Number of protein chains: 2
Amino acid sequence: MSRLTATAKVILGLLKFGARTGYDVKRVTDLSTRFFWRASYGQIYPELRALEQAGLVRARDEPRGRRPRHVYALTAAGDRALLAWLQEGEDTYELRDEGLLRLFFGELLPPDDLRALVRRRREWFEASAVHFRGIATELGELDDPSGEVLRYGIELMDWNAAWWRDLEDRLGSAP
Amino acid sequence: MSRLTATAKVILGLLKFGARTGYDVKRVTDLSTRFFWRASYGQIYPELRALEQAGLVRARDEPRGRRPRHVYALTAAGDRALLAWLQEGEDTYELRDEGLLRLFFGELLPPDDLRALVRRRREWFEASAVHFRGIATELGELDDPSGEVLRYGIELMDWNAAWWRDLEDRLGSAP
DNA sequence: CCTAGCATGTAATACGTTACATGATTCA
DNA sequence: TGAATCATGTAACGTATTACATGCTAGG
C-alpha cells in the first residue's frame, strides 16, 4: 500500500469519527480542520473512489428518496492504514503568509503604508480569534484531543494578533 | 496586467532588493522567506520568463566565462507592479500542520503513542527555534522590516514549542 | 410554496515539488 | 585535482481550487 495523500488522511480519520458521505467530510473539515488542513470537493470525491479501489473504505448506496447518496465506512485495512499513519512518519509544517511577505519588503513602502499594512494584519488576526471563539462557544467545552486543536487555533490567532499589535506600537512611535 | 502569481511576488521583491539571477532568488528565499513563502526552480525559471514576456523584468546575458548567466532587473512597469501589490489586496494566511491533524485524531491512539507524538512535535519546534536563532546570529542585528520577519520566525517557533510542551505536561500527569 | 441544506460530481486551470540532466568556475 | 558552489533548465507527477452543473428533500 503506497502512502496516503493529504486528503486521504483527513477522510479516513473523519470516517472513523462518524462522517459518512463526501458532503459530510467537507462540512466537518470546514468547521474543524479548515485552518490547518483543507479539503475541497475536487479532492474529496475522487479520493473516496481511490480509497475504495485501494480497499481502505467500502461504499454502500443509501439514497434518500430518489436523491443518490453514498455512505462510506472504513474497512479493516483502512483502519490499519489510519492507525499506522497516526503512529509513524514525519510531521509536515507549512505556512503561507502574504502579510509576512509584504512586511519582508516593507522597506520599499512609505511609512504610512507600512503602518496601514501592519494594522490590517493585526485586525485580521483579531477577527480570526473572535471567529474561533465563536466556534468554541458553539461546540461547548471539549475535553478531548480535538478540543486541544481548537484551543490551538484560538491561541495561535491571539498570539498573532499580539505580535502584529506589538509591531504596530513600535512603528507608531517611530519618527 | 493580470494579478501576480505567488512566485512572481517574491521574485519581484528580491530583484528589487538586489538579487540578480534565478539561482540567486532561490538561494535568498531558502535563507529568508522559506518558512512562510517557498519557491522552487520549477517555478522560478519559468516565472522569470513569464515576467519578461509581461514586461515586468528585463534580462541581460552576462556569462561568467563560458557558463551562461541571465541577469534580471525590474523594469519601470515591474517596479509599479511590485509597489501596487505591496499596497493593496487581501493577505492570504494558510497553514498545513500534520502534527495538528494527528492530534485532532488523537483519541484513536493509545495514550503512550499520543504522548510520543506530542513530544516529537515539541522537539521539532524546539529544533526549529534553534535553527532560526542560528540564522539570526549569522545575519546579525537587522533593524529593518526583514529583521522583524526573522524575529517572527523565532518567536513563532518558540510559541509552538511552548504550546506543545504545555500539552505534554498536561498529558503526562493524566491517568 | 419556497428556501436552506443535502448530495454528487467534473472540467479547466493553476500551483508546486522532485528528480533528473548538464556543466563551468572557484578556492583550498 | 577535487569539492563546493554557481547556474540553468525541463518533464513527470502530484496537489488543489474554482466554477460549473444538477437536482432532491425537509422544514417552516
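First the proteins, then the strands, lettered A, B, ... as listed; each starts at 1. Computed from a predicted structure; not experimentally measured.
Salt-bridge formation is not detected for the pair B:D61/B:R69: no Lys NZ or Arg NE/NH1/NH2 atom is positioned less than 4.0 Å from an Asp or Glu carboxylate oxygen. Checked for salt-bridge contact, B:D169 and B:R122 miss the test: no charged N lies under 4.0 Å from a carboxylate O. Salt bridge status for B:D158 with B:R133: present, with a side-chain N to carboxylate O gap under 4.0 Å. Using a 4.0 Å cut-off between a side-chain N of Lys or Arg and a carboxylate O of Asp or Glu, A:E62 and A:R20 do not qualify as a salt bridge. Of the charged side-chain nitrogens involved, at least one lies within less than 4.0 Å of a carboxylate oxygen, so that B:E148 and B:R151 count as a salt-bridged pair.
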Detail all sub-3.5 Å separations between protein N/O atoms and N/O atoms belonging to nucleotides 16-19 of chain D.
unit_1: D:dA16; atom_1: OP1; unit_2: B:R96; atom_2: NH1; d: 3.1
unit_1: D:dA16; atom_1: N7; unit_2: A:Q43; atom_2: OE1; d: 3.0
unit_1: D:dT17; atom_1: OP2; unit_2: A:S40; atom_2: OG; d: 3.2

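Between A:T21 and C:dT8 there is a side-chain N or O to OP1 or OP2 distance below 4.0 Å. Between B:R20 and D:dT8 there is no side-chain N or O to OP1 or OP2 distance below 4.0 Å. Note on A:R67: every side-chain N or O is 4.0 Å or more away from OP1 and OP2 of D:dT25. For the pair B:Y23 and D:dT8, the criterion of a side-chain N or O lying under 4.0 Å from OP1 or OP2 is not met. In this model, the phosphate group of D:dT10 is approached by a side-chain N or O of B:R49 to a distance below 4.0 Å at OP1 or OP2.
Positionally, the nearest nucleotide of DNA chain D for B:R27 lies more toward the 5' end than for the other of A:R64 and B:R27.
One atom, OH of B:Y45, and another, P of D:dC6, lie 11 Å apart when rounded to the nearest Å. Here the P atom of nucleotide C:dT8 and the CZ atom of A:R69 are 7 Å apart, to the nearest Å. Counting to the nearest Å, the P atom of D:dC6 and the NE2 atom of B:H70 are 17 Å from each other. If you take CD of B:E47 and C1' of D:dG9, they are 15 Å apart, rounded to a whole angstrom. Atom P of nucleotide D:dT8 and atom CZ of B:R60 are separated by 14 Å, given to the nearest angstrom. With rounding to whole Å, A:Y72 atom OH is found 13 Å from C:dA7 atom P. Between the CD1 atom of B:I44 and the C1' atom of D:dT8 there is a distance of 12 Å, rounded to whole Å.
Checking D:dT8, C:dT25, C:dA7 against the side-chain heavy atoms of B:R66 singles out C:dT25 as nearest.
A donor-acceptor pair shorter than 3.5 Å can be found between the side chains of A:W85 and B:E98.
For A:W164 against A:V118, the heavy-atom pair with the smallest separation is O-CG1, 3.5 Å.
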